[in-house]
Amino acid sequence: MTSLLEDWDIETQAFRPSQVYINGTYWGIYNIREKVNRFFIQDHAQDIDRDSIDLLEHYAIRKRGHRYHYREMLDFLDRYDLDLSSNYEHLHEYMEVDNFMQHQIAQIYFDNRDAGGNIKYWRPQTAEGKWRWILYDTDWGFSLQQEDAYVNNSLAFHTEPNGPNWPNPPWSTFLLRKLLTNNDFKEAFILKFSDYLNTIFESQNVVNHINANKELLKPEIKRHIKNWRLDYKNWQKHHERMKEFARQRPDYMRNFIQEMFVPGDLVSVKVEIGNGGYI
C-alpha cells in the first residue's frame, strides 16, 4: 500500500523482502523495513537535523522533542472557525495541509481500520517548522479482516465525531472534521481524491502493482509456506482478495464522496488526443 504512494509528498517506509537464516536454519521471508525514528526523518527530509525535531505519535505522545507546538495548534483549531479564510491561512503556519490531506486520502481509500490513533507526525524545531504526517502500519487495509471491505464507508469512519475509544475516537477524527469546514480545503479534498481514483488508485494500476509485489515474493513463497506449515492456497486467496478490493474500491469511494459532499452528478468524458499532446 505505501509503495503505491512513492511520488506523493508523504514519508513512507522503504522495504525489501529477505531470506533469513539463524545459525544456518532457514526462517523464511522477513521484510527489511525502515524504522520510523529521527534517523528515518533525516534520511527522508532534506536539511533536517535529526536532533532538532518534534516527533509525536497517537494523541500527542512525545517520542522526540516537544509537543507544545502541536497542542497550540489544537487549541487554535478548537477556538477558531476555519470557515474564515484568515484562520485557514493561519493554520498553514502550523501544519503542511496538503501533506495531511494526502495522508487522510490514503488511509480512507485503503480502508485502514487501525488508522485512528495509529499515527506518527513530526516537525523541524524551527520558527517555520510545520507538522507532517508519516504513513506507516497500513496492514489492516485492503480487506485483511473482511473479504468485502471495499464496501466500507471509510470516509464516514474517518469523520465520525463520536467514535469509540478504539479504533476512531473523536480526537483522531478532529483534524479532518475541522478542516472540512473550510470550503477551499473541502473542494481540494474532493478534487484530489477524485484525481487519485482516476490515476494512482485506478483499478488496473493497483492490480498491476499487487501483481508486481506477488512476483517479487513468488520465487521464495512456496519454500516459506512449507517451512511454516502454511497453506499456499490461502496465500493465493488473499492475493485475489486484494485485487478484488482494487477493482471494486473506486466506484464505492465515488459513491461515498457523493453521499457526503453532494458535488454533482458523475460525468463520463471521452478524450481524443492528437499528435504532440497529452492529458
Heavy-atom side-chain proximity of [X] to [Y] below 4.5 angstrom:
X      : Y      : result
Tyr70  : Leu74  : yes
Ile210 : His239 : yes
Leu82  : Leu77  : yes
Arg38  : Ile53  : yes
Lys178 : Asp81  : yes
Met73  : Leu175 : yes
Phe261 : Glu187 : no
Asp9   : Glu96  : yes

For [X] and [Y], which I'm curious about, is there any donor-acceptor pair between the side chains at under 3.5 Å?
X      : Y      : value
Asn198 : Arg254 : yes
Asp111 : Ser154 : yes
Glu215 : Asn211 : no

request  = With side-chain hydrogen bond (donor to acceptor under 3.5 Å, both in side chains) as the test, would you mind laying out the steps for Gln102 and Asp98 before giving the verdict?
outcome  = CA-CA 6 Å; Gln102 289 184 323; Asp98 286 346; over 6 Å; no
Working to the nearest 0.5 Å, report the span between [atom1] of [X] and [atom2] of [Y].
X      : Y      : atom1 : atom2 : answer
Gln204 : Lys243 : CD    : NZ    : 9.0 Å
Thr159 : Gln104 : OG1   : CD    : 9.5 Å
Phe15  : Leu216 : CZ    : CG    : 6.0 Å

Aromatic plane relationship, [Y] with [X] - under 30° parallel, 30 to 60° tilted, over 60° perpendicular:
X      : Y      : value
Phe189 : Phe193 : perpendicular
His90  : Tyr94  : perpendicular
Phe100 : Trp133 : perpendicular

With hydrophobic residues grouped by side-chain heavy-atom distances under 4.5 Å, do [X] and [Y] end up in a single group?
X      : Y      : result
Ile108 : Tyr121 : yes
Val97  : Trp122 : no
Leu191 : Leu176 : no
Val207 : Phe142 : no
Met253 : Leu144 : no

query = Which of these passes salt bridge (charged side-chain N to carboxylate O under 4.0 Å, His left out) with Glu57: Arg62, Arg67, Lys120?
reply = Lys120
note = The residue among Asp49, Asp54, Asp51 that forms salt bridge (charged side-chain N to carboxylate O under 4.0 Å, His left out) with Arg64 is Asp51
remark   = For Val262, the other hydrophobic cluster members (4.5 Å side-chain criterion, sorted by chain and number) are none
Counting the benzene-type ring for Trp, do [X] and [Y] have ring centres under 6.0 Å apart?
X      : Y      : value
Trp140 : Trp166 : yes
Tyr196 : Trp8   : yes
Trp171 : Phe174 : no

Give me the atom names and distance for the closest heavy-atom approach of [X] to [Y].
X      : Y      : result
Tyr88  : His92  : O-ND1, 2.9 Å
Met1   : Phe110 : O-CZ, 3.5 Å
His103 : Ile119 : CE1-CG2, 4.1 Å

inquiry  = For the CG atom on Asn165, are there more than 12 heavy atoms of other groups (residues, nucleotides or ligands in this structure) within a distance under 6.0 Å?
reply    = no
message = Closer than 3.5 angstrom, by distance alone: can the side chain of Gln13 be matched with the main-chain N or O of Glu34 as a donor-acceptor pair?
response = yes
